[in-house]
Protein chains: 2
Amino acid sequence: MADVARAAGISTALVSIVIRGVPGASEATRQRVLRIADELGYVPDQRAQKLRQSRSRVLGVTFELQQPFHGDLVEQIYTAAGQQGYEAMISAVAPSRSETTAVNALLRERCEAAILLGSELETEELTRLARRLPTLLVARHTDLSGVGVVRSDDTAGIGLAVDHLVALGHRRIAHIDGAGAPGSSDRRLGFLQAMAGHGLQDTADVLAGGLTETAGAEGMRYLLGRPTPPTAVIAFNDRCASGVLDVLARQGCDVPGEISVVGYDDSRLAKLPHVQMTTVSQNAAELAEAAVTSALALIAGRQPEEVVLTPRLVERATTGPARS
Amino acid sequence: MADVARAAGISTALVSIVIRGVPGASEATRQRVLRIADELGYVPDQRAQKLRQSRSRVLGVTFELQQPFHGDLVEQIYTAAGQQGYEAMISAVAPSRSETTAVNALLRERCEAAILLGSELETEELTRLARRLPTLLVARHTDLSGVGVVRSDDTAGIGLAVDHLVALGHRRIAHIDGAGAPGSSDRRLGFLQAMAGHGLQDTADVLAGGLTETAGAEGMRYLLGRPTPPTAVIAFNDRCASGVLDVLARQGCDVPGEISVVGYDDSRLAKLPHVQMTTVSQNAAELAEAAVTSALALIAGRQPEEVVLTPRLVERATTGPARS
DNA sequence: CTGAAAGCGCTAACAT
DNA sequence: ATGTTAGCGCTTTCAG
């Protein structure tokens, strides 16, 4: 920046004004500075900017590297943050990189708030984090006061899936759940409630699953081994449903002719043209926008709230009338 | 930091010494400062640290949000960078976030080098970037001098796949390629060369594909429409192979009984227990380590090199003897 | 419209 | 072993 100022024969303060695009420089100077900056390949040092400003205008986001739905969310959060004049700084969680590590990286960057996607942080650690920093949980439940939550109504979402299948004539419906994953208990509950609502509590079947293709595949294989397999399966998420579909395809089992399958998330996997999965959409764009808005509200000092969005059923090609 | 110093009754310089764990403080002071820092929840401001130090010790990494193999690489890069005393700062590429945007974010953070995974940046932009910053391309080819490259030998990798299939008795082998994706021309070439090497140039079949499940599915459907479909398919990558496998499963086509399928990358998708895909491994850990090492070499001022790793065939369950 | 000066939180020389 | 000082690159009063 000093170089630019020298080359333009003015002070750095004036360069700063031009670069930031704030009023306070003559048009002539503005043009000249911009040209010189470009020639010199000057890019402002973000660290120095943020350091000087009291507010960093950075939102920290942790996400799981291998979860397609998190990918969707991250993409939308970049956009939503940008629209609000914020920047998103992402920090990945993976088998060899714990959520704690990911969060600490954000802390050191002085983010103004942390947005945790599908966090599995323990209560204690979450509390500690929330004391330091406005914290927002996306797609996870918590009773903790002091922590904001943005999620879609998982119970209702599964209800949508059940209603849809029942309307198609299904009665023996199984749910391969998410084991201990965030949201899994809500979805399990939603399944049981909705089934009971249709008087089908006796043919409601819940299986321990997980959030990977593997869990879905195992669950489906198990179900096919039953004397009377279900005519429809609701998986915990799209990845899990992918595993289910894969097993069915290999067994030569027609979908949806013999068995209907419903996923959850409406992630990339569900939209693939050759898959066309019926799924419950937690509109990523909407969730992301709500997350950013809530995070900014927390930063502004407002009390943490729980924002619950309404999921929507996306009917595609993996569900159909029950075979009598 | 000033708070900690005040609470401990010492200067900030001494606190700094303790926090960084460098020698120059008495054991008693060290203990006390650490305790107080912990009580106060003090976390050093990374921006200020980096700003002050001439070197940021940050490696910037761009990756594609929805590419499982990139996820594998990112995870390993975090580890490899950490081992070398560096930090990885990731910046995602997605349909709504261009590579240029992602790279600019890194530039503003004053990374010491940029590691671009599977970059599709144009020559001109790449050149400009490389002039500003040591730049390393992973899993992509380039003739550009001034840019480091770490990749595995794609030509040889596909050769491995061809050899394997030929040894199993296959003769009619198709390759669904990556269209214009990084690495696709090498793999296409490797396919044709290897087939020719076995005298099979007449039954070598190359189809335009892409790097998604959709491309694989379309390619496979097309191949099945042929009067004499191939007995084996080599896909551009694992995602593409997933699409192929999916179509085959739906058609009730036995894999590997009727058709063998080989992927590329040995990503998460290939390892799924219910998939067990035969694939060519570009060992993510090895690539990541080479990438970090090369990046550091560039930073140290060494000339850009091209590091070519040897791929390895991972035989799993999607390939078998050709049906006569 | 422009410039001088102070300071964001930290570290690195250099004193003591 | 500890403190003092200067300054990383920028923004922000405040004067001119």
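Quick note on labels: first sequence line is chain A, next is B, and so on, each numbered from 1.
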Enquirer: Hey, which of B:Glu99, B:Glu64, B:Glu125 is the one that makes side-chain hydrogen bond (donor to acceptor under 3.5 Å, both in side chains) with B:Ser119?
Expert: B:Glu99
Enquirer: To 10°, what angle do the rotation axes through the five end pairs on each side of the helix from C:dC1-D:dG16 to C:dT16-D:dA1 form?
Expert: 40°
Enquirer: Are B:Ser91 and B:Arg97 linked by a side-chain donor-acceptor pair shorter than 3.5 Å?
Expert: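 Yes, a side-chain donor-acceptor pair sits under 3.5 Å.
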Enquirer: Assess the side chains of A:Gln282 and A:Asp265: does a donor N or O sit below 3.5 Å from an acceptor N or O?
Expert: yes
Enquirer: Under a 4.0 Å threshold between the charged nitrogen and the carboxylate oxygen, would A:Asp38 count as salt-bridged to A:Arg35?
Expert: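 Salt bridge absent between A:Arg35 and A:Asp38.
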Enquirer: Distance check, rounded to the nearest 0.5 Å: B:Thr293 atom OG1 versus B:Gln83 atom CD?
Expert: 9.5 Å
Enquirer: Could you check whether A:Ser26 gets within reach of a base, just the sugar-phosphate, or nothing at all, counting any heavy atom under 4.0 Å?
Expert: sugar-phosphate
Enquirer: Let me have a per-nucleotide readout for nucleotides 8-16 of chain C, 5' to 3', with B, S or -, counting only protein heavy atoms under 4.0 Å.
Expert: BBBBB----
Enquirer: Report yes or no: do A:Gln49 and A:Arg20 form a side-chain donor-acceptor pair below 3.5 Å?
Expert: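 The answer is no; no qualifying pair exists.
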Enquirer: Any donor and acceptor pair, going by atom type alone, linking the side chain of B:Thr127 with main-chain N or O of B:Thr123 inside 3.5 Å?
Expert: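 Answer holds: yes.
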Enquirer: Would you say A:Val149 and A:His141 make side-chain contact, with heavy atoms under 4.5 Å?
Expert: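 Contact flag for A:Val149/A:His141 side chains = no.
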Enquirer: Between A:Glu75 and A:Arg268 (salt bridge meaning N to carboxylate O under 4.0 Å), is one present in this structure?
Expert: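 Between A:Arg268 and A:Glu75 there is no salt bridge, as every charged N stays at least 4.0 Å from the carboxylate O atoms.
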Enquirer: Could you give the start and end, 5' to 3', of the contact zone on DNA chain D for chain A, using atoms under 4.0 Å from its heavy atoms?
Expert: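 Listed 5' to 3', the contact boundaries are D:dG9 to D:dT12.
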Enquirer: Strictly below 4.0 Å, N to O, side chains only: are B:Arg151 and B:Glu306 in salt-bridge contact?
Expert: yes
Enquirer: Which part of the nucleic acid, if any, lies within contact of B:Thr29, taking any heavy atom under 4.0 Å across all strands shown: a base, the sugar-phosphate backbone alone, or nothing?
Expert: sugar-phosphate
